[in-house]
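Here is the structure we will look at.
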Amino acid sequence: MEEHKQTTIPEIFLTPYEASAHEAAIYQLWEKSGYFNPDTCIRDGITKKDADTFAIIMPPPNANGRLHAGHGTDMTLKDILIRFNRMRGKRTLFLPGSDHAGFETQGVFEKKLQKEGRSRFGMDRDQLYQEIYDFVMENKSVMETDLRALGVSCDWSRYTFTLQPDIVERVQKTFVKMYEDGLIYRGKRCIHWNPKFKTSLSDIETMFEDRVEKFYYFQYGPFVIGTSRPETKFADKYIVVHPDDPRYATYKHLQEFEIDWINGPIKATLLKDEVADMEKGTGAMTITPWHSQVDFELAQKYHLPIEQIIDWDGKLLPVAEEFAGMKIEQARPLIVQKLKEKGLLVEIDEKYSHAVRLCERTSVVVEPQVKDQWFVRMDTLAKMTLNALDAKKFRILTERHEKIFRHWMENSQDWNISRQIVWGIRIPAWFKGDEIKTQLTSPGTGWEQDPDTFDTWFSSGQWPLVTLGYPEKEDFSTYYPTNVMETGADLVFKWVPRMLMFGLYLTGEVPFKDVYFHGMVLDKHGKKMSKSKGNVLSPVDLGAEFGTDATRMAFVVANPPGSDMPLSEDKVRAYKKFSNKLWNITRFTVASCADHDPETSVTFSARDQEILADLSAVVSSVTSDIDSYKMYLAAENIYHYIWHEFADKVLEESKEILSSEDENAKVARQRVLMNCLTTSLKLLHPFMPFVTETIWQKLESAYKDQSLLMVAKWPTT
RNA sequence: GAGCGAUUAGCUCAGCUGGUAGAGCGCUACAUUGACAUUGUAGAGGUCACAAGUUCAAGUCUUGUAUCGCUCACCA
């Protein structure tokens with residue numbers, strides 16, 4: 001008997017589970033089957049032609065680097081949903097792609113240029129574009145390899161890149177349509193300017209940093225004004241005070257003063273306006289419309305002249321006279337010194353703390369500048385989106401994020417979509433003198449195309465539409481709207497609202513029904529992962545060391561929607577042990593059932609029935625948990641069942657029955673065990689696809705409804 | 001400055017519509033050629049941040065306080 005068992009256990013089970021020995025081959029098996037593509041599933045009769053659809057558009061990882069822990073969570077959660085629904089017989093599409101990530105990629109590339117002692121300025125536009133293109137293509141393939149390593153079951157035949165010609169054309173057409181509909185306008189506004197990378201930025205591409213700096217008080221005629229930026233004050237000719245400020249009651253609105261200023265006498269005018277804050281400093285300020293949004297708006301209100309003080313490189317212009325050509329940091333102390341010598345410096349507050357706006361990607365201090373740019377008018381689109389939310393056309397799974405989302409939507413400013421970089425989709429607008437035309441091809445001789453490109457979010461905002469081939473392709477009518485948008489909470493403003501706005505605007509329908517935000521992956525102490533702290537865990541490296549399945553489990557368990565999750569190697573290691581536990585459970589079960597004939601009829605004992613009922617209960621709870629996006633509970637549930645119920649209790653108590661003389665009882669129990677095993681493998685497959693499929697491949701075909709577990713039928717109760 | 005969240009066993013966290021606390025890891029003891037030491041069995045460990053309130057009954061609802069964290073914001 002012992003010898004018989006030895007020969008029927010596949011040899012593979014005799015040594016511990018070694019993930020790296022199986023994963024690549026298993027992925028190849030899946031990919032070769034063609035079943036990542038729903039059309040192939042229909043062709044082979046695995047999925048019914050009229051089955052419900054389940055579609056997820058992959059948030060395109062930026063085509064400029066490797067996958068990080070954030071992607072790990074992201075991809076794992078989506079792949080679980082996809083595998084689950086595929087096994088349930090839905091027409092399931094996971095559509096992959098990558099994003100050119102305009103400014104970010106160009107930033108990465110410019111660093112590379114810098115190392116080589118080169119600069120993009122002065123480079124030919126087409127040459128620069130081509131070089132970045134080659135650079136991105138190289139990195140793109142790395143990213144695709146990483147996705148495969150994570151076991152992501154996406155349909156590679158539908159792979160989309162944001163700069164491929166049909167996508168570019170679609171995005172440009174949207175621009176033209178929006179311009180015609182009055183949702184896009186070109187206007188001179190005070191925008192965020194990055195003087196180092198020489199491009200404008202939208203609000204969401206900037207961030208604030210609290211800094212303690214000097215705050216200066218200067219005598220400005222009869223007033224004392226405060227400023228943290230003396231270098232912008234050369235051309236300030238208007239003082240603003242609050243109309244109710246008693247300190248300035250004796251002065252009149254529009255009263256003029258002859259005063260001595262940095263570079264000599266000037267004529268200044270008093271404005272009384274409520275924007276002035278009486279609590280702030282002396283309650284009096286001068287305005288610099290070209291370099292401040294508030295001041296710019298005030299200048300527009302009173303039709304004041306505006307003048308540029310700082311150039312596009314961040315250097316002072318001739319208006320600064322002796323300081324012209326100087327960088328701000330260099331000029332500031334000299335200007336203060338000069339004012340001090342003139343007796344105009346009243347006081348310096350050394351500990352003034354305020355928020356400084358920085359470029360989110362490069363941490364360069366942003367300089368407000370007035371510039372002609374293209375803007376998307378947000379009011380109509382935001383309202384459209386909020387209406388859809390109110391009408392429950394889509395829902396945000398976490399209440400907290402819904403609040404945040406609403407608040408942002410209600411307060412969103414017009415969106416600057418032009419960028420002064422080459423890496424992106426060129427804006428299809430043409431200029432001839434003061435004339436403007438928006439169309440995809442040149443209107444004729446004498447017309448110059450706008451050199452600017454779109455903000456990345458202008459194209460990725462249309463991602464669900466363009467990937468599915470809006471408006472004419474069949475995929476669009478089949479899979480739009482998609483089921484769920486699962487993405488990082490950091491995209492609650494950047495990406496999600498834009499997809500909703502574009503989707504609703506162009507099709508009248510939301511692009512997805514549910515929005516699932518996952519939190520950030522933190523290190524084991526709950527700190528942000530960052531290269532400088534050296535606490536970064538790469539999903540690919542973790543997968544190589546502990547197995548991809550273990551890594552996936554670590555990303556899912558205890559990771560409820562909306563909250564951040566600490567991750568440690570210990571956690572991953574725990575699930576590596578679990579892979580091996582499952583491996584040994586299989587070894588024991590298969591060995592114990594080697595002489596079992598799956599065709600014979602059996603009579604279950606009361607205990608057998610109880611075991612099967614328990615199994616059923618697990619099936620239904622795992623199913624409903626995933627259905628309600630509680631993957632974190634489902635994963636724990638199936639883990640707990642397999643280890644502490646199936647292995648610790650069922651298998652242990654079965655040992656006696658399996659070695660007993662009661663042939664009927666033994667055969668029935670064997671049937672029960674094989675049932676528990678195959679059902680467990682199915683339930684666990686979405687979470688731990690590799691080890692479950694590896695085992696499945698070694699099971700006798702009589703126990704399988706499909707030769708690939710990936711497309712086996714999800715158990716029902 | 002505003003908003004939001006968190007505070008439960010040493011660590012990381014579950015505890016849905018209120019009824020006298022749970023999981024994983026860790027720890028302790030014991031077991032070991034018997035599917036698996038990437039193991040099993042047993043066990044220790046918490047006045048659920050603090051204060052007040054509602055209730056027959058409160059981690060669970062209300063209010064306030066404290067600490068931590070996140071996000072947003074045109075403060076000269």
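These numbers come from the heavy atoms of this one structure, side chains and all, not from hydrogens, waters or symmetry mates. Throughout, protein chains are lettered first and strands after them, A, B, ... in sequence-line order, and every chain is numbered starting at 1.
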Check the distance between [N]'s [atom2] and [X]'s [atom1] and give it to me in whole angstrom.
X      : N     : atom1 : atom2 : answer
A:E209 : B:C70 : CD    : P     : 14 Å
A:H644 : B:G40 : NE2   : P     : 7 Å
A:D625 : B:G15 : CG    : P     : 11 Å
A:D349 : B:A76 : CG    : C1'   : 14 Å
A:R587 : B:G34 : CZ    : C1'   : 12 Å
A:Y639 : B:C13 : OH    : P     : 18 Å
A:K571 : B:A23 : NZ    : P     : 18 Å
A:Y632 : B:C16 : OH    : P     : 10 Å

Say you pick atom [atom1] in [N] and the same atom in [M]; how far apart are they, in whole Å?
N     : M     : atom1 : answer
B:G69 : B:U28 : P     : 33 Å
B:A44 : B:C30 : C1'   : 14 Å
B:A51 : B:U7  : C1'   : 15 Å
B:U41 : B:G53 : P     : 47 Å
B:C74 : B:U67 : P     : 28 Å
B:G10 : B:U17 : C1'   : 34 Å
B:C72 : B:G64 : C1'   : 25 Å
B:G5  : B:G24 : P     : 30 Å

Within the side chain of A:Q369, is there an N or O that forms a donor-acceptor pair under 3.5 Å with the backbone of A:I310? yes

Sidechain-backbone polar pair: A:K571 side chain, A:A554 backbone, donor-acceptor under 3.5 Å: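 Here the side-chain-to-backbone pair exists.
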
Would you classify [X] as touching base, sugar-phosphate or nothing, given that sugar-phosphate means primed atoms plus P, OP1 and OP2, and contacts are heavy atoms under 4.0 Å?
X      : value
A:F296 : nothing
A:K403 : sugar-phosphate
A:G283 : base
A:D277 : base
A:I585 : base
A:N411 : nothing
A:E297 : nothing
A:A647 : base
A:R229 : nothing

Evaluate the ring planes of [X] and [Y], with Trp represented by its six-membered ring, and classify them as parallel (under 30°), tilted (30 to 60°) or perpendicular (over 60°).
X      : Y      : answer
A:Y217 : A:F215 : perpendicular
A:F578 : A:W643 : parallel
A:W261 : A:F218 : perpendicular
A:Y639 : A:Y575 : perpendicular

So, does [X] get its side chain near the phosphate of [N], meaning an N or O under 4.0 Å from OP1 or OP2?
X      : N     : result
A:K577 : B:G40 : no
A:R357 : B:C74 : yes
A:W408 : B:U71 : no
A:H407 : B:C4  : no

Let's see if you can work this out: which of [options] has an atom nearest to the side-chain heavy atoms of [X]?
X      : options             : value
A:H354 : B:A73, B:U39, B:A76 : B:A76
A:K655 : B:G24, B:A76, B:A35 : B:A35
A:L651 : B:A35, B:A76, B:C72 : B:A35
A:N580 : B:A35, B:U38, B:A76 : B:U38

Map A:A355 and A:V240 onto RNA chain B by nearest heavy atom, then report which one ends up closer to the 5' terminus. A:A355

Closer to the 5' end of RNA chain B via nearest nucleotide, is it A:Y17 or A:D295? A:Y17

Go through the steps for A:H68 and A:L537 under the test side-chain contact (heavy atoms from CB on, under 4.5 Å), then give the verdict. CA-CA 7 Å; A:H68 55 249; A:L537 291 175; over 6 Å; no

Got a minute to check which stems RNA chain B is part of, using Watson-Crick or G-U wobble pairs under 3.5 Å, three or more consecutive? B:1-7 with B:66-72, B:10-13 with B:22-25, B:27-31 with B:39-43, B:49-53 with B:61-65

Relative to its sugar, using the 90° cut-off around 0, the base of B:G59 is syn

Base B:A35 paired with A:E652 side chain (donor-acceptor, <3.5 Å):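 Side chain to base: pair found, below 3.5 Å.
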
Centres of the A:H354 and A:Y352 rings: under 6.0 Å?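 Ring centroids of A:H354 and A:Y352 are less than 6.0 Å from each other.
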
Tell me if the NE2 atom of A:H407 is crowded by more than 12 foreign heavy atoms within 6.0 Å.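 Counting neighbours around NE2 of A:H407, 12 or fewer heavy atoms of other residues, nucleotides or ligands fall under 6.0 Å, so no.
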
What pairs with A:T269 under side chain to side chain contact (heavy atoms under 4.5 Å, CB included), at least two apart in sequence or on another chain? A:Y238, A:L254, A:E256

